Visitor: 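Structure provided below as structure tokens; questions to follow.
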Amino acid sequence: MAEIENRPSNFIRTIIDNDLASGKHASTHTRFPPEPNGFLHIGHAKSICLNFGIAKDYSGLCNLRFDDTNPEKEDVDYVNAIKNDVQWLGFQWHGDINYSSNYFDKLHSYAVELIEKGLAYVCFLSPEQAREYRGTLTEAGKNSPYRDTTVAENLALFAKMKNGEFKEGECVLRAKIDMASSFMVLRDPIIYRIRFVHHHQTGNKWCIYPMYDFTHCISDALEGITHSLCTLEFQDNRRLYDWVLENISIECKPQQIEFSRLNLEYTLMSKRKLNELVENNLVEGWDDPRMPTIAGLRRRGYTPASIREFSSRIGVTKQQNTVEMGMLEACIREDLNDNAPRAMAVLDPIKVIIENYDESAIEELSAPNHPNKEEMGKRILPFTRELYIEAEDFRAEANKKFKRLVLDKEVRLRNAYVIKANRFDEDADGNITTVYCTYDPETLGKNPTDGRKVKGVIHWVSASKGIKAQVRLYDRLFNVANPDADSELNPESLKVAQNAVLEPSLLNATKEQAFQFERTGYFCRDNKSDDLVFNQTVGLRDSWAKVDAK
RNA sequence: UGGGAUAUCGCCAAGCGGUAAGGCACCGGGUUUUGAUCUCGGCAUUCCCAGGUUCAAAUCCUGGUAUCCCAGCCA
């Protein structure tokens with residue numbers, strides 16, 4: 001699309017502008033820090049565009065860092081998928097890929113430093129006891145009986161934890177802060193736990209793993225991050241983020257700034273819940289075209305530019321929001337309207353026989369690939385005596401509002417002739433199967449010379465030259481605007497047009513190539529199947545549907 | 001009176017004391033061999049509510065109300 005890289009400001013960019021103006025920072029350094037425990041979704045795209053967008057516009061840097069402190073849920077397959085998605089969206093991270101696990105040695109040293117300062121201790125409370133000791137939202141917690149263990153003993157205990165001398169769950173390392181804090185996150189948070197599991201990056205080197213709150217701030221500081229952008233639910237965690245950096249020997253003090261996460265109507269935006277859909281085979285996989293994942297949107301036909309444009313349009317604020325699907329759809333329509341070549345495809349065919357057209361003739365008509373962009377060229381369209389048209393484009397009788405083929409009336413075949421319907425056949429169920437027509441040979445590329453007005457235009461495909469393909473039509477994944485985990489899925493989210501017939505030029509479509517099937521919508525060739533399969537990206541705006549519904 | 005946040009059109013969202021941007025959606029007119037595109041026009045006397053300060057308030061003050069987040073050895 002003619003991507004207008006307008007740079008909408010937002011409260012985060014305002015903060016950065018001020019930090020640059022005041023000299024607090026000479027340049028910006030952001031980071032995108034996903035946990036490799038699932039595929040990225042459109043909400044992550046918002047974060048990617050924010051972080052990498054700032055780096056781009058401010059001539060700063062943006063790192064890609066895998067926040068991999070919980071090996072049980074993570075996998076290299078996810079790191080590869082994430083790398084792929086970020087690049088596909090059009091961004092390149094600064095330097096090598098980073099992993100929180102790169103810092104495990106340093107993290108360990110900082111933990112030891114906290115113990116030496118009397119600011120961390122090994123605690124043997126069971127998870128259940130720890131919960132009781134933590135108190136509630138309205139009542140203060142109480143100190144762990146292990147809180148006053150000596151520094152020397154804590155050092156020895158932590159070494160034993162590291163050496164695998166305690167069982168999983170037997171003890172943890174906790175920061176000594178304030179069991180009465182109104183910030184739950186400050187009530188002596190756990191900073192290390194024991195896990196005897198293989199890590200996708202560090203193998204079996206470690207059996208203790210640092211927690212998010214301890215890891216993230218230090219990782220940011222070690223990478224020289226200036227502005228650490230995350231979502232709203234981490235607002236309380238910011239107090240712990242700052243506490244850790246203030247209490248260890250580290251120079252860099254990144255500023256955490258929170259913004260609201262994206263919610264999209266009729267879909268889910270949680271890796272955990274999306275994972276359930278995948279695990280329970282409710283969708284084909286993470287890249288199912290109905291999924292709000294980057295991979296799913298890609299397979300559906302969304303372009304990187306359209307997703308970047310969407311991110312730009314929704315803005316960045318701290319307000320809780322739920323964006324309408326129409327907003328996303330408008331972005332891809334705008335891109336594809338400009339860039340997708342047109343083609344004709346009949347999804348639900350009925351036959352048209354042009355009785356006054358030579359049975360053996362095959363006329364090679366020429367049609368522009370784009371109505372407003374001559375530079376996109378033309379393609380050949382074979383015209384024959386027998387054609388297919390859309391079943392919904394013929395009615396035996398209709399009022400004047402119906403601008404399509406009606407018995408005894410005329411209609412224009414797109415890029416071809418004007419035809420008139422004379423009679424039709426129907427099957428035992430009353431479904432129309434064949435319409436017998438005559439054509440006006442004087443109407444190719446021009447209006448009838450006698451001044452007859454033909455109002456409608458319908459699309460068609462040659463019956464003998466058309467090609468078969470599977471066309472998949474998609475609808476919203478859920479029936480409710482704000483679904484939760486057990487909301488009902490839309491049983492009609494996938495429909496397959498089994499009898500679709502396409503114009504022959506589509507035989508050359510490459511995987512992922514986008515087209516506008518005229519009068520129908522935007523489609524792209526599936527990027528997985530080797531068969532000829534097209535996925536519907538989005539329909540055309542359809543003002544007729546509103547009229548017809550009345 | 002636990003704490004942390006947020007409230008501007010149906011949905012996003014500008015606005016930062018000088019008299020309500022923009023986009024999506026919607027409603028009308030025009031062009032059109034896609035009921036598409038394009039184009040022209042319409043869409044908040046009002047900013048969660050109630051008081052107050054001021055010549056002037058969405059913006060400042062006071063008091064309410066609503067919604068979201070926090071009690072994982074998840075991130």
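Residue numbering restarts at 1 for every chain, and letters A, B, ... go by the order of the sequence lines. Quantities reported herein were computed from a predicted structural model and do not represent experimental measurements.
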Visitor: Over how many whole Å does the gap from A:Ile257 atom CD1 to B:A5 atom P extend?
Guide: 14 Å

Visitor: Quick one, A:Ile208 and A:Phe158 - any side-chain contact, counting heavy atoms below 4.5 Å?
Guide: yes

Visitor: Consider only side-chain N and O atoms of A:Tyr522 and A:Glu329, and report whether a donor and an acceptor are under 3.5 Å apart.
Guide: no

Visitor: Figure out the CZ/P separation between A:Arg187 and B:G3, and round it to whole Å.
Guide: 12 Å

Visitor: Name the one of A:Ile332, A:Asp335, A:Leu297, A:Thr303 that satisfies side-chain contact (heavy atoms from CB on, under 4.5 Å) with A:Thr537?
Guide: A:Ile332

Visitor: When rounded to the nearest Å, what value does the distance between P atoms of B:C38 and B:G4 take?
Guide: 48 Å

Visitor: Any donor and acceptor pair, going by atom type alone, linking the side chain of A:His199 with main-chain N or O of A:Asp68 inside 3.5 Å?
Guide: yes

Visitor: Suppose you measure atom C1' in B:A14 against the same atom in B:C9; what distance do you get, rounded to whole Å?
Guide: 13 Å

Visitor: When rounded to the nearest Å, what value does the distance between C1' atoms of B:G63 and B:C27 take?
Guide: 41 Å

Visitor: Considering all heavy atoms of both residues, which atom of A:Phe310 and which atom of A:Met327 are nearest to each other, and what is their separation?
Guide: CE1-CG, 3.7 Å

Visitor: Let's test this: given Watson-Crick or G-U wobble pairing with both distances under 3.5 Å, identify the partner of B:U59.
Guide: none

Visitor: For A:Ser181, which contact category applies under a 4.0 Å heavy-atom criterion: base, sugar-phosphate, or nothing?
Guide: nothing

Visitor: Indicate, with yes or no, if the rings of A:Phe166 and A:Phe124 have centres closer together than 6.0 Å.
Guide: yes

Visitor: Take atom C1' in B:C69 and the same atom in B:C74, then report the distance between them in whole Å.
Guide: 16 Å

Visitor: Nearest whole angstrom, please: distance from the P of B:U6 to the CD of A:Gln319.
Guide: 9 Å

Visitor: Watson-Crick or G-U wobble partner for B:U54, using a 3.5 Å limit on both distances?
Guide: none

Visitor: Relative to the ring of A:Trp206, is the ring of A:His108 parallel (under 30°), tilted (30 to 60°) or perpendicular (over 60°)?
Guide: tilted

Visitor: For the pair made of CG in A:Asn321 and P in B:G10, what is the distance, rounded to whole Å?
Guide: 16 Å

Visitor: Applying the Watson-Crick and G-U wobble criteria at under 3.5 Å, what pairs with B:A66? Answer none if nothing qualifies.
Guide: B:U6

Visitor: Going by the glycosidic torsion and a 90 degree boundary from 0, is the base of B:G42 oriented syn or anti?
Guide: anti

Visitor: Indicate, yes or no, whether a donor-acceptor pair under 3.5 Å links the base of B:G10 to the side chain of A:Glu324.
Guide: yes

Visitor: Please give me the minimum heavy-atom distance between A:Asp75 and A:His200, naming the atom from each residue.
Guide: N-CD2, 4.3 Å

Visitor: Can you tell me the pairing partner of B:C38 across any strand shown, Watson-Crick or G-U wobble, with both distances under 3.5 angstrom?
Guide: B:G30

Visitor: Taking B:U59 as the reference, what is the distance to B:U6 when you measure between their P atoms (whole Å, please)?
Guide: 16 Å

Visitor: Rounded to the nearest Å, what distance is computed from the CE atom of residue A:Met327 to the C1' atom of nucleotide B:G10?
Guide: 12 Å

Visitor: Using purine N1 to pyrimidine N3 plus N6-O4 or O6-N4 for Watson-Crick, or N1-O2 and O6-N3 for G-U wobble, each under 3.5 Å, what pairs with B:A25?
Guide: none

Visitor: What distance, rounded to whole Å, do you find between the two P atoms, one in B:G28 and one in B:G64?
Guide: 47 Å

Visitor: Find out whether A:Glu233 and A:Arg261 are in side-chain contact, i.e. whether some heavy atom of one side chain is under 4.5 Å from a heavy atom of the other.
Guide: yes

Visitor: Between A:Lys46 and A:Leu262, what is the shortest heavy-atom contact and its length?
Guide: CD-CB, 4.0 Å

Visitor: Whole-Å distance between B:C11 P and A:Leu328 CG?
Guide: 18 Å

Visitor: Would you measure the distance from the P atom in B:G3 across to the matching atom in B:C60 and give it in whole Å?
Guide: 22 Å

Visitor: Give the B/S/- string for nucleotides 31-44 of chain B, one per nucleotide from 5' to 3', where a protein heavy atom under 4.0 Å of the base yields B, of only the sugar-phosphate yields S, and otherwise -.
Guide: --BBBSB-------

Visitor: Using a 4.0 Å heavy-atom cut-off, write out nucleotides 68-75 of chain B from 5' to 3' as B (base contacted by protein), S (sugar-phosphate only) or - (no contact).
Guide: SSBBSBBB

Visitor: Provide the distance between the two C1' atoms, one in B:U33 and one in B:A13, to the nearest whole Å.
Guide: 40 Å

Visitor: Would you indicate, yes or no, if B:C11 has its OP1 or OP2 atom less than 4.0 angstrom from a side-chain nitrogen or oxygen of A:Thr322?
Guide: no

Visitor: Quick one: A:Arg261 CZ to B:A5 P, roughly how many Å, whole number?
Guide: 19 Å

Visitor: CZ of A:Arg239 versus P of B:G2: gap in Å, rounded?
Guide: 18 Å

Visitor: Applying side-chain contact (heavy atoms from CB on, under 4.5 Å) between A:Arg342 and each of A:Arg519, A:Gln516, A:Glu503, report the one that passes.
Guide: A:Gln516

